[in-house]
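So you know, we letter chains A, B, ... as the sequences are listed, proteins then strands, and number each from 1. Quick caveat: nothing in here was measured; it's all calculated off a predicted structure.
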Amino acid sequence: MNYPTAFDVIVIGGGHAGVEAALASARVGASTLLLTQAIETIGQMSCNPAIGGIGKSHLVREIDALGGAMAIAADQAGIHFRTLNNSKGPAVRATRAQADRVLYRNAIRQAVERQPNLTVFQDMMVDLTIKSDRVVSVTSRLGLEIAGGTVVLTTGTFLGGRIYIGEEQHAGGRAGDSASVELSEKLRELPLSAGRLKTGTPPRIDGNTVDFSKLEAQPGDDPRPVMSFLSSPELHPQQVNCHITHTNVQTHDVIRRGLDRSPMFTGEIEGVGPRYCPSIEDKIVRFADRDQHQIFVEPEGLQTTELYPNGISTSLPFDIQFEAVRTIRGFEDALITRPGYAIEYDFFDPRGLMPSLETKNIENLFFAGQINGTTGYEEAAAQGLVAGLNAARKAAGQSAWVPQRHEAYIGVLIDDLTTMGANEPYRMFTSRAEYRLRLRQDNADLRLTPVGRELGLVTGDRYKVFSARRDRLEKCNSVLAGTTIHLNSDLARKLSKASGEAISKDVSLLDFAKRPGVRAEHLTASGVFSGRDESHLVQALIDVKYHGYLRRQDQAIERSRAQLGVELPRDMEYEGIDGLSNELREKLARVRPATLGKASNIPGMTPAALSLLSVHAKRHSGIRKTA
Amino acid sequence: MSETICAVATPPGRGGIGIVRISGPASQEVAQVLLGQVPPPRIATLVDFRTDEGETLDSGIALYFPSPASYTGEDVLELQGHGSPVALDRVVGYILEQGVRMANPGEFTERAFRNDKLDLAQAEAVADLIASGSAEAARAATRSLAGEFSRCVHELDRKILTLRIYVESAIDFAEEEVDFLGDQEQVDQLVAMQKLLERLIERSTAGLTMQLGMDVAIAGDPNVGKSSLLNQLLGEDRAIVTATAGTTRDTLHGELSLDGLPVRLTDTAGLRKSDDPIEVIGMKRAEAALEVADCVLWVVDDADENGSPPKEYQAKSLVVRNKCDLTGKTPGGLGDDTFRTCALTGAGLDELCEHLKQIAGFRTGIDAFAGRPRHIDSLKRARGALASAVDELSTRQGELVAENLRVAHECLGEIVGATTSDDLLGEIFATFCIGK
């Protein structure tokens with residue numbers, strides 16, 4: 001049976017990748033279907049109840065700058081906000097929100113339901129039809145065949161998902177949800193390179209059985225940060241505390257006793273887990289000298305007492321989990337509401353993707369989220385947005401848009417995935433971004449909202465707010481550049497007094513502002529700027545302080561644009577290039593980077609090897625022209 | 001499949017032994033045709049080198065090194081015959097008829113590098129070894145070849161990586177229970193790295209100096225003893241010396257080695273007004289020589305009160321007050337870049353030569369590397385970045401310390417291969433228990 005209408009874009013999955021994909025596709029005007037197993041779990045946070053974090057909130061702000069839903073939903077659902085790295089420079093400052101799961105889900109569902117051009121349908125996809133290497137339709141469990149111009153697959157941990165708790169194991173996509181087993185088998189028949197990854201969650205705790213007086217309370221920050229460029233703290237619901245406790249020697253003893261029944265150590269689980277998010281048993285084995293590990297006790301929501309003990313993700317047998325939890329300070333009488341578990345699932349080597357996130361081997365088929373080997377809501381949502389946008393553009397016959405590494409963390413994410421692949425679940429860190437000083441939370445809108453507007457991702461309302469902010473910022477910049485502080489003038493005295501900085505000769509306000517000791521409030525105190533300008537001035541001063549570094553990076557970007565933009569032919573014969581090491585030759589042949597710039601990201605690459613490649617690329621194109 | 005290449009491995013000219021080296025997949029075939037056998041691996045075998053028509057071209061020792069245990073990593077055949085150029089030409093000519101081609105300069109080394117027999121720095125050192133003119137430079141090249149330069153850069157690279165583990169962890173894992181380094185500890189590590197780097201630059205620059213040597217021009221008024229100075233320095237009668245002013249009309253060249261430092265001397269025509277067309281041409285050449293010289297020896301008669309070099313060359317000039325045998329004054333260094341000499345007896349020249357070596361950056365007792373300009377440039381940029389890192393530490397800007405360390409690391413990566421952010425994260429996860 002055919003679904004009555006065809007769609008430009010069909011998005012499979014209603015998680016963080018699927019939602020942003022469907023919303024982006026619909027925003028740019030494509031008729032879009034969101035096909036999900038369960039409408040109730042659209043926007044479900046399967047793992048920890050938090051959005052953001054260092055590197056991750058950078059992605060959230062970029063998604064927001066491009067009109068995505070994640071940041072606003074986090075503001076609507078956030079019950080505890082913190083600015084991380086507050087003592088460090090603005091480039092590495094980040095925001096994290098503990099979110100009420102129910103509020104978050106509701107906010108996302110509302111965004112989906114309010115989105116024009118977007119249809120939601122509840123059924124499970126079981127097959128897809130491919131004609132001459134091109135996907136044309138998907139089939140649901142009901143037997144409905146749905147035709148689509150392009151298809152975005154966001155299967156999360158559902159694809160061939162397998163749940164492990166001690167020696168127990170069963171198929172499942174998430175505790176309580178069934179896995180997509182049939183689809184997994186179908187996809188494995190396609191010319192895509194499949195692999196297995198694993199991740200895990202901790203046991204959840206009944207808050208009524210916890211002695212909070214023994215835990216260290218961690219309040220949210222004041223003033224409270226927000227996620228979205230459009231939000232203010234008034235949007236936030238009631239705020240609550242998080243708590244901190246630790247494992248101890250007894251906990252570790254109990255866990256060691258259970259290792260022989262841990263699927264991680266018995267070899268049951270083959271999938272590779274993330275090194276930065278190890279299970280508690282992993283931490284105890286690998287860092288045996290540590291006699292305690294920190295646990296963040298996070299509230300699951302305002303309407304529930306359930307707690308998420310972040311830091312003790314485990315797949316140990318339930319009896320060990322139970323005993324181990326009770327050795328922890330404050331948890332002496334605790335009851336587990338749901339056991340922790342490990343989940344193993346299918347992913348496909350993201351090097352099989354073009355930067356648009358369309359698969360190289362099957363036209364019109366796009367992948368986003370954990371299916372590409374990433375982990376995290378933010379990473380998934382970022383890919384979803386790019387895949388949804390490009391699926392809609394492809395369906396409309398337009399070329400793909402992908403941000404570059406110097407433009408956005410989203411660009412770093414996609415470039416890393418499509419050139420380096422994923423040896424373990426990929427998570428964003430600021431250290432992955434070589435242009436970290438320019439890819440900041442504070443300027444995500446300046447970097448991306450104008451292009452988002454051009455692409456149709458950004459609505460008029462958002463753009464208006466953005467334009468007003470940009471105008472004020474530009475005014476600040478022109479005052480900074482156009483004002484001279486004359487020696488012994490009234491202004492010089494005021495600035496000197498406010499900042500404690502000596503002014504010994506005529507100096508431009510801009511140069512004065514570059515001094516490390518000069519802050520925005522010193523400039524407003526002197527009357528050059530009004531107090532109303534302070535937030536914009538703070539932002540303007542970030543670029544002023546980083547000026548030397550940003551200029552040097554500009555030059556590096558310019559250089560690499562010229563040099564590294566050189567295209568490497570898809571059929572380049574790396575075997576025949578004299579002077580490359582065998583190791584590099586193998587890597588190049590495997591990755592087949594599209595440009596010299598992409599090749600430069602390959603580990604072990606040297607300038608000498610790059611210049612060899614550029615010479616051969618030229619020679620190659622010469623040969624092809626004469627052939 | 002790569003081509004098989006061939007070249008004469010011994011220096012050109014008539015020598016006792018002439019070695020022909022063949023590398024590539026056709027080496028076995030060549031052996032079969034030319035020797036009638038493939039010699040057993042790595043065993044010196046005495047054979048005739050013959051054409052397939054039975055004509056003997058030469059006879060000597062053949063050595064066969066099957067891949068990968070050879071210099072290039074490919075099948076290599078080495079033929080040690082008689083050194084006569086005619087015999088060598090015949091052998092090589094016949095080999096080339098077998099579909100083998102002449103190797104490009106450095107191609108054997110390049111192949112060795114390509115087959116992971118050498119790293120990039122080592123391969124470049126081999127190239128320097130081949131090109132280097134002096135024994136000191138050859139020693140420096142040997143040290144790099146043995147991987148010492150690589151080892152030193154790797155050591156520094158590792159130290160930067162270790163510090164970056166802490167600096168980056170403090171940023172990306174601020175919430176985790178990782179050990180953070182105090183500012184003082186970071187400064188200490190940075191200062192230690194700066195010292196290592198400084199020493200590396202010094203050693204590489206010394207090696208580069210040994211290869212490049214220096215150009216020294218001898219100039220001054222006519223008849224002050226310039227040509228005598230040239231002859232005395234070279235230890236031979238290169239220039240005609242007479243008492244007649246303007247005897248030297250053209251520039252004369254000679255090379256000498258100051259403890260291994262190659263010095264190219266140019267004796268110029270005395271600078272004076274002249275209508276003689278030949279002398280005018282000579283003076284034009286003299287000026288050109290002065291312009292390119294690293295150092296100018298401005299010779300004056302010790303009897304003259306003054307006599308300073310032309311302003312444009314002053315900065316790179318040494319004043320040589322010659323003919324001190326006539327003034328009776330004591331030869332030697334006078335300070336202020338001035339020396340008193342007697343070119344005829346050689347008095348005072350030791351001090352002068354010692355000073356030339358200093359100017360060139362020649363250092364005794366330093367284990368020089370065969371530095372390449374490219375390496376030195378990378379090392380100097382790393383030095384700049386480390387200095388900025390120290391500055392930023394004083395303003396407590398962690399992300400800027402990190403940025404400078406990243407740049408420094410990138411510079412070293414240009415020499416020993418890049419460390420990616422993923423490599424760095426891998427090190428962090430191996431060092432710290434990260435993760436909630």
Side-chain angles (χ1 to χ4, degrees), chain A residues 48 53-55 84-85 87-92 94 96 274-279 282-283 286-287 290 292-296 310-313 416 420 423 429-434 436-437 516 545-546 549 552-553 576-583 585 600-609, chain B residues 1-3 73 104 107 110-111 113-116 118-120 123-124 164 167-177 374 378 388 392 394-404 406-407 410 413-426 428-436:
Chain A
N48 64 322
I54 298 164
L84 309 176
N85 274 340
S87 62
K88 302 194 181 75
V92 294
R96 194 181 56 217
R275 281 172 300 175
Y276 42 82
C277 192
S279 61
D282 231 8
K283 291 190 211 176
R286 283 183 45 218
F287 297 91
R290 294 278 299 265
Q292 64 168 39
H293 293 280
Q294 189 169 251
I295 303 172
F296 288 93
N310 202 344
I312 52 168
S313 132
D416 278 354
M420 297 197 309
N423 299 319
F429 299 104
T430 68
S431 52
R432 294 197 192 271
E434 62 274 41
R436 176 163 63 190
L437 297 180
K545 306 279 184 195
Y546 282 153
Y549 290 92
R552 198 169 64 190
Q553 292 199 338
I577 299 180
D578 287 3
L580 282 180
S581 71
N582 282 337
E583 188 194 347
R585 215 181 290 163
S600 72
N601 297 332
I602 293 175
M605 191 54 84
T606 61
Chain B
M1 202 43 154
S2 66
E3 297 165 282
N104 298 323
E107 198 172 359
E110 191 191 315
R111 288 187 176 204
F113 168 64
R114 186 173 13 118
N115 292 318
D116 286 341
L118 305 166
D119 68 21
L120 188 60
E124 286 175 349
R164 286 188 75 200
V167 171
E168 293 289 347
S169 298
I171 291 171
D172 267 339
F173 306 102
E175 294 249 281
E176 306 276 348
E177 295 177 300
R374 182 174 80 74
S378 296
S388 302
E392 297 296 0
S394 64
T395 62
R396 312 183 61 84
Q397 300 261 69
E399 79 280 16
L400 297 181
V401 176
E403 168 68 7
N404 282 302
R406 185 186 69 79
V407 170
E410 206 172 74
E414 290 167 7
I415 303 171
V416 293
T419 306
T420 65
S421 62
D422 216 51
D423 296 336
L424 174 67
L425 284 164
I428 290 177
F429 301 140
T431 309
F432 298 121
C433 181
I434 299 281
K436 306 191 279 198

Part of A:Arg432 within contact of chain B (heavy atom distance under 4.5 Å): both

Distance, nearest 0.5 Å, that separates CZ of B:Phe173 from OG1 of A:Thr430: 8.5 Å

Heavy-atom side-chain contact between A:Arg436 and B:Arg406 under 4.5 Å: no

Chain B contact via A:Pro274 - side chain, backbone, both or neither, heavy atoms under 4.5 Å: neither

Check: A:Ser431 main-chain N/O paired with B:Asp172 side-chain donor or acceptor under 3.5 Å: yes

A:Gln294 (side chain) donor-acceptor with B:Glu175 (main chain) under 3.5 angstrom: yes

Leading residue by heavy atom contact count with chain A [cutoff under 4.5 Å; candidates B:Gln397, B:Glu410, B:Glu403]: B:Glu403

B:Glu399 and A:Asn85, any side-chain heavy atoms less than 4.5 Å apart: no

Test item: A:Tyr549 and B:Asn404 side chains (from C-beta on) under 4.5 Å apart, heavy atoms: yes

Proximity breakdown for A:Gln553 and chain B, heavy-atom pairs closer than 4.5 Å: side chain

Any side-chain heavy-atom pair of B:Leu400 and A:Tyr546 under 4.5 Å: yes

